[in-house]
Every structure is written in structure tokens, then in C-alpha cells.
K.L.:
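What follows is a single structure, and I will ask about it in a moment.
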Amino acid sequence: MTDLLHRADRLRADRTPFVLATVVRAERPTSAKAGDRALVLPDGTMEGFVGGTCAESTVRLQGLRLLETGESTLLRITPSPDGADDEREGLLTVSNPCLSGGTLEIFLETMIPAPLVYVQGEGPVARAMVDVARAVGWEAVSGPASSLPLDASAVVVASHGRDEIEVLTAAVQAGVPYVALVASRKRALAVLGELPLTDLEKARIHAPAGLDIGARTAPEIALSILAEVISRRPRQTAPPPGRIELPLLQPVAKLAPGSKLAPASKVAVAKDVVCAMDVAISPDALQYEHEGTMYYFCGSGCRRAFIDNPARYL
């Protein structure tokens, strides 16, 4: 368990989102016990232990869904079909008929990296930008265009003429949601004119940067910029689709009838043809290819039943 928590620390340091699943209550018969933990990663792989394959399948699917919303919840997994009617706030109850008979309650804590602001420059506005961003719980870093973080929520160029073209161009081409230049209107137009970008790409750059709040001092200018970033950002959830290894989420053959493959930023879900449970399509998911179609299963029992007699479920 110590190794698992160290692994979680490394994921945080690398700005990799994950869900920490902790068993808080186990009602016999279950293979898990209170205190067992596992990590759910963005590609659906799991590390650690929170129960057998049936419970693991449910935790994987709900963990991936939480990575989309950035929320945390208490997950209750019960073999009783009546348990799914429990709609208490903060509690998600899932009926899993494949469980061994007990009930599990698992807290799913979503760890999404703080939004990242990349600041180019060393002047008063650049330094104030770093301070203001960190004051609201964001992460702020600075450096050359070659070290531009792929998951930056905003890039603010406040270098007063140094490396502006390189950083602005790299930020726009990388698809950073918010790109801004700290400059007067006259100089901003001159800089935009030098960029090797299309008119549509240049239109994405906020120049001059920030909302018009009458800012005068460097901290006030930094505040106006961050306010503009916040007003324009989408809700912070999982990282951009480019951070997900899509080939790992794609089935190697046709999906079973009733299954669906969601867009890259959504959870890919298949239907277990034996028990009708939803299963997240991931490298760790139990699967079996039959006559050119890939089938996914919530647990080894369902997979074994299908392999023994596919015609029964088709």
C-alpha cells in the first residue's frame, strides 16, 4: 500500500490525472477489506486492489466517468437489484449481479492536476502573474518555447519583445485554450503581423491581454489576465484527448451488438452480453474475440460462460 501511495505521488508530480479508490466498508462475503486501495488511470488501467474482477470492472467504469467531471463520490456496489434505488446525495449505488454476495462501499477520489499557466518573461507583470495564479490554487511555471507544457490551460507572454514570436506560435499550434500577449495595442498589432500563422490562428491570441478593469499596476494587470482566463476556460475535467493513448481504447475487432465507442474525450463503453453490465473498454478489461467481434465482460465468470456457449448469448 505504501508503494501505491508513492505511485500516486509520482502521478501528481507528473500532472497525470487519476482516481484513488479506497474501500471504506466491506460486507461479507467479499475479497476486499476496508483500507484496500487502487488507482484508476486515464487509459482505464488499474493498479492496486479493491476486490475481484466484478468489483474492479465497476470501479474502473465509474472512475473513468469521474475523470470526465472532476468530481469525487462514494460508490456502493451491491448484488441486490433493489440497491440501485438508493439516491442519497454524494452516493452512487450500482447493482452488480456478478458480485460474490457482499456489498462494497468505495470512496472514489478524483485527482485532477491544478490548471497550469505558462508565463513567458521575467518582468513585473510576469512575476505578478505567477504569484496571482498560485494564490488561487493554480500552478504557474515559466521557461522557453521548447519547454511549453502540453497541458497548459493558458500561455501568457510578458517578455517585452524577447522570444515572443516563438512562444506565441508554439502555444497556438499546440492548441493551448488561452494565449495572450502583454503589450500595448499598437505593439500587439505589430507582433501579430510577424507571426507565421493564419488570420484565424492569430484571432485566438488575446492582445492586449486581460479584461478591461482599469488595471494599472503589475498585480492588477495579472489579475485582469487571470480573470479573463477563468471566464473563458471550459470546466476543468480530464486532460485534453491528446493525453489519452487512443489506440489502447480502440477494440481490435468489431464491438459486440449493443456496445458503443464514445468520442475520444468520453468513456468507451461495451455491454457485457451475459449480465448486461456496462464495461469500460480499456487494456485491463476482460475480453474475448468471437467470429471477428470483440466482446467485453465485467468478470471472469461472465467471460467463461460466454466462451463455453456463445450461442446462448447471441
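Keep in mind that this is a model prediction, so the values were computed, not measured. All values below were derived from every heavy atom in this structure, side-chain atoms included, with hydrogens, water molecules and symmetry-related copies excluded.
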K.L.:
So, Thr16 versus Asp14: side-chain donor-acceptor pair below 3.5 Å or not?
P.N.:
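Side chains of Thr16 and Asp14: no pair found under 3.5 Å.
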
K.L.:
Please identify each residue that fulfils salt bridge (charged side-chain N to carboxylate O under 4.0 Å, His left out) with Asp9, with sequence neighbours left out.
P.N.:
Arg12

K.L.:
Once side-chain hydrogen bond (donor to acceptor under 3.5 Å, both in side chains) is applied, do any residues pair with Arg187, and if so which ones, sequence neighbours excluded?
P.N.:
Glu164

K.L.:
Which pairs pass ring pair (Phe, Tyr, Trp, His ring centres under 6.0 Å) with one or both residues in residues 267-292, sequence neighbours excluded?
P.N.:
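Every pair satisfying ring pair (Phe, Tyr, Trp, His ring centres under 6.0 Å) with a residue in residues 267-292: His290-Phe306.
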
K.L.:
Mind checking what makes ring-ring contact (aromatic ring centres under 6.0 Å, His included) contact with Tyr118, not counting sequence neighbours?
P.N.:
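Expected list: none.
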
K.L.:
So, taking the atom named CD1 in Ile205 and the one named CG in Leu168, what distance separates them when rounded to the nearest 0.5 Å?
P.N.:
5.0 Å

K.L.:
Please list every donor-acceptor pair under 3.5 Å in which a side-chain atom of residues 54-64 meets a protein atom from a residue at least two apart or in another chain.
P.N.:
| residue | atom | partner | partner atom | Å |
| --- | --- | --- | --- | --- |
| Glu56 | OE2 | Arg60 | NH2 | 3.4 |
| Thr58 | OG1 | Cys54 | O | 3.4 |
| Thr58 | OG1 | Asn96 | ND2 | 3.0 |
| Arg60 | NE | Gly44 | O | 2.7 |
| Arg60 | NE | Ser282 | OG | 3.2 |

K.L.:
Report the residues that fulfil side chain to side chain contact (heavy atoms under 4.5 Å, CB included) with Glu139, sequence neighbours left out, ordered by chain and then residue number.
P.N.:
Arg15, Leu116, Val141

K.L.:
Hey, what do you get for CD1 (Ile77) to OG1 (Thr103), rounding to the nearest 0.5 Å?
P.N.:
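It comes to 9.5 Å.
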
K.L.:
With ring pair (Phe, Tyr, Trp, His ring centres under 6.0 Å) as the rule and sequence neighbours excluded, what pairs involving residues 167-225 come up?
P.N.:
Tyr178-His206

K.L.:
With rounding to the nearest 0.5 angstrom, report the CG to SG distance, Leu286 to Cys298.
P.N.:
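Leu286 atom CG to Cys298 atom SG measures 8.5 Å (nearest 0.5 Å).
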
K.L.:
Working to the nearest 0.5 angstrom, can you tell me the gap between Thr78 OG1 and Leu104 CG?
P.N.:
9.5 Å

K.L.:
State whether the side chain of Glu228 and the backbone N or O of Leu226 hold a donor-acceptor pair below 3.5 Å, judged by distance alone.
P.N.:
no

K.L.:
Keeping the roles fixed (side chain from Asp284, backbone from Met46), state whether a donor-acceptor pair exists under 3.5 Å.
P.N.:
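The answer is yes, because a donor-acceptor pair under 3.5 Å joins these two groups.
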
K.L.:
Test of understanding: with salt bridge (charged side-chain N to carboxylate O under 4.0 Å, His left out), list the residues that count as partners of Glu220, not counting sequence neighbours.
P.N.:
none

K.L.:
Output every pair passing ring pair (Phe, Tyr, Trp, His ring centres under 6.0 Å) with a member in residues 210-231, not counting sequence neighbours, ordered by first then second residue.
P.N.:
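Qualifying pairs, neighbours excluded: none.
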
K.L.:
Between the side chain of Thr30 and the main-chain N/O of Ala26, is any donor-acceptor distance below 3.5 Å?
P.N.:
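Absent.
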
K.L.:
Are the side chain of Ser224 and the backbone of Asp212 linked by a donor-acceptor contact shorter than 3.5 Å?
P.N.:
no

K.L.:
Would you say the side-chain atoms of Lys271 pair up with the backbone N or O of Asp278, donor to acceptor, closer than 3.5 Å?
P.N.:
no

K.L.:
Might you point out which heavy atoms bring Val267 and Ala280 nearest each other, and give the distance in Å?
P.N.:
CG1-CB, 4.3 Å

K.L.:
So, using salt bridge (charged side-chain N to carboxylate O under 4.0 Å, His left out) as the criterion, who are the partners of Glu47 when residues are at least two apart?
P.N.:
Arg7

K.L.:
List in chain and number order the residues that pass salt bridge (charged side-chain N to carboxylate O under 4.0 Å, His left out) with Arg162, two or more places apart in sequence or in another chain; answer none if no residue qualifies.
P.N.:
none

K.L.:
Name all residues meeting the side-chain hydrogen bond (donor to acceptor under 3.5 Å, both in side chains) criterion together with Gln173; count only those two or more places apart in sequence or in a different chain, and write none if there are none.
P.N.:
none

